[in-house]
Amino acid sequence: MNPALKSLFSTNPNNKNFKFYVEKCNHLLKSISSKGSVREGTLLHGHLLKMGISSERYVAVKLLIMYLNFRKPAEANEIVKKFNGFDAVVHNCMIDANIRWGNIEEARRLFDEMPERNEVSWTALISGFMKHGRVEESMWYFERNPFQSVVSWTAAISGLVQNRSSFEALKVFLRLLESETKPNEVTFTSVVKASLELGNFRFGMSIIGLIVKFGFENYLSVSNSLITLCLRMGEIDLARRIFDRMEQRDVVSWTAILDMYVEMGDLGEAQRIFDEMPERNVVSWCAIIARYSQKGYPKEALKLFRRMFEEGFKPNVSCLSSVLSALATLENLRAGQNIHAQILKTGIDGDIFIDSSLIDFYCKCRETKDGRMVFDSITEKTVVSWNCMVGGYSLNGQMEEGRDLFDKMPCRDNVTWSAIIAGYVENKEFDKVFELFNEMLLSGETPNSSTFSSLLCACASMASLENGRNLHGKLIKVGVQYDVFLGTALIDMYAKSGDIENSKLVFDRMPKRNEVSWTVMIQGLAESGFVEESLALFEEMKITSSIAPNELMLVSVLFACSHSGLINKGLQYFRSMEAVYGIKPKGRHYTCVVDMLSRSGRLYEAEEFINNMPFQPEANAFAALLSGCKTYKNEEIAERTAQKLCELAEKGSFLSAGYVLLSNIYASAGRWVDVSNIRKLMKEKGLKKSSGCSWVEVKNHVHFFHSEDGTHWKSPEVYEMLELLRFEMVQ
DNA sequence: ATAGGGTTAG
């Protein structure tokens, strides 16, 4: 039993300390009402009845509040009867409770029937409508409130912020200043949050002046919100100064500063702060786990999750959804299934955040069926749950299912559009990509940096410079926030479309670069023929950044070496791969080396290199060697290589390009019998020389032209036009 | 009436 309750029961009050005793009861009532159990409350109520103090007016009010908190309307009504009907206080309690229970209309009815309303009644209704997203009605009451205290002003301001109307909130705040009502610390925390939501840092900074003027700079809540504001503004030093200067700090202050270090990627310092925190609660645990998961450190997030258990904290709903998100990133199906089972067992299922995380988790683990099962089980789906499912299908290339859901969605946001567009990009259905983009614009949805990165990726795949440039212009016009993803997509688009100058320009101007940005730039330079620059950039990266070389960069580096005849340098890079960078060379790297040696005529070395490979070489490696044999007219090695290629062909792991190359070599040596044998072989296997293909875009529609099979649906017109042009040119 | 924590797109 509750020890405080036990001690109360064992005390016998006398006349002298009776007042103190009632005080004690009152206090306990309050504490049980907010965090106790119904049983404790009923016990205490019984005791108060016995002692004859339950009819003391303020005790009775507390009892009423307690029963309302426990959502026991019958018991609450019993108490109300004792008041001989409703008075303002009872009315206000009932209004408050009904708002919490979602019965806003009942609250309004109670308000209307009040003979005399006070400030509390008005404020309850104003904030009640705000909580239910009914901003206009709330403001209607706000404007007619005869009392207009700081509290109702603040209720309106914070309500507007909650309803994503921060601009309106700031306008109300300015009116408040003109009205000569003094704002308080709650007002300031709300106003700071408003400028944070708006991203209006200038306003935020001027708020700091007002805070000092009104003397609230030493308030804990004000300082905490200022720290968050400074962090989001990038004023890290200022945030740290405010934190250091605070006389007292609470979990919120510590969590905010911890957040900063995770944000900066300084995990060591974050860990240190976390260990140093004088106090940790479930929220701070959840905060750090969530942040690690969001910032791309899923393994660390899971480690912390385990530690949280060890230290005796029980994860709550928000913590579990972060953990599921981390497991989704790691594609750890087993662990996620365990958590899913735990969730079902403890009966905390049915949370929309958890369910959305589960959908995403199953889809990322390629189990779209399980994801769909969770999705179908949700009775009240949100945009996010829809997005998870549509995105899940997109991710797995199930575009038909994805499109089907997309069309059925009751409302879409820019994540929805981005998800489906990304799916079509991944699936290389580029005409659909631009079709949907136009539809998106028509629907009035504003594309963001994510949407644009997908579109630019499509342009890069099509080497469509014109389209890419248009998009670049459009995204400047829309005022999209630049981020690493978008910058990288631009670099890639320009590089793959052959405009290496602009590619470099974007790269140089990026304030922050990640591994992909460097990879894409190094690759772009190498493949555009700027091999020295590519190699120089690779070296620069090793010295000036904290990014480690990766597999893809080394493919580019080796490619650059082989195309500029830097054989020895290339071989050196190849050898240092495992020894220095700790990257195990893959087939592609070996192929680059074979290519390097073959191009320079070191055919015997190349052959030996292939023979000594620790695993099955790529067909392309033989092709590269064959190509060298053709250039340097070495039929002996060509013969042996051809033999190997044929063996590969038997196993079925062979490309048609290899056959074509082989037949070309025989042809150039005049060995027509062999040529026809290969052609026959290709026919038997149903292989076709992959046909040439080119395309143009007209009005955002991509038209393909294939060299062999396909005729474009407007071919006759195209040829007619060509004939016309030729005729005019000849004249 | 207020501050710190949750799910989705690249």
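Throughout, protein chains are lettered first and strands after them, A, B, ... in sequence-line order, and every chain is numbered starting at 1. Values in this document were obtained by computation on a predicted structure and should not be read as measured data.
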Trainee: Are Lys381(A) and Asp376(A) within salt-bridge range, i.e. N to O under 4.0 Å?
Mentor: no
Trainee: Give the nucleotide from the list dA9(B), dA1(B), dG5(B) with an atom nearest to the side chain of Lys364(A).
Mentor: dA9(B)
Trainee: Where the side chain of Lys193(A) is concerned, which of dA1(B), dA3(B), dG6(B) is the nearest nucleotide?
Mentor: dA3(B)
Trainee: Of the candidate nucleotides dA3(B), dT8(B), dA1(B), which contains the atom at the shortest distance from the side chain of Val252(A)?
Mentor: dA3(B)
Trainee: Hey, are Glu269(A) and Arg272(A) close enough for a salt bridge, meaning a charged N less than 4.0 Å from a carboxylate O?
Mentor: yes
Trainee: Tell me if the CD atom of Gln481(A) is crowded by more than 12 foreign heavy atoms within 6.0 Å.
Mentor: no
Trainee: Classify the ring geometry between Tyr141(A) and Phe129(A) as parallel (under 30°), tilted (30 to 60°) or perpendicular (over 60°).
Mentor: parallel
Trainee: From the options dG6(B), dA1(B), dT8(B), select the nucleotide whose nearest atom is closest to the side chain of Cys388(A).
Mentor: dT8(B)
Trainee: As a test of reading the structure: which of dG6(B), dG10(B), dT2(B) is closest to the side chain of Ser190(A), going by heavy atoms?
Mentor: dT2(B)
Trainee: Should Glu400(A) and Arg403(A) count as an ion pair when the cut-off is N to O under 4.0 Å?
Mentor: no
Trainee: Short of 4.0 Å, heavy atom to strand atom, which residues of residues 449-457 of chain A count as contacting DNA chain B?
Mentor: Ser449(A), Ser450(A), Ser453(A), Ser454(A)
Trainee: Counting side-chain heavy atoms from C-beta on, which of dT2(B), dG6(B), dG5(B) comes nearest to Ser321(A)?
Mentor: dG6(B)
Trainee: Nearest to the side chain of Val317(A), heavy atoms from C-beta on, is which of dG6(B), dT2(B), dG10(B)?
Mentor: dG6(B)
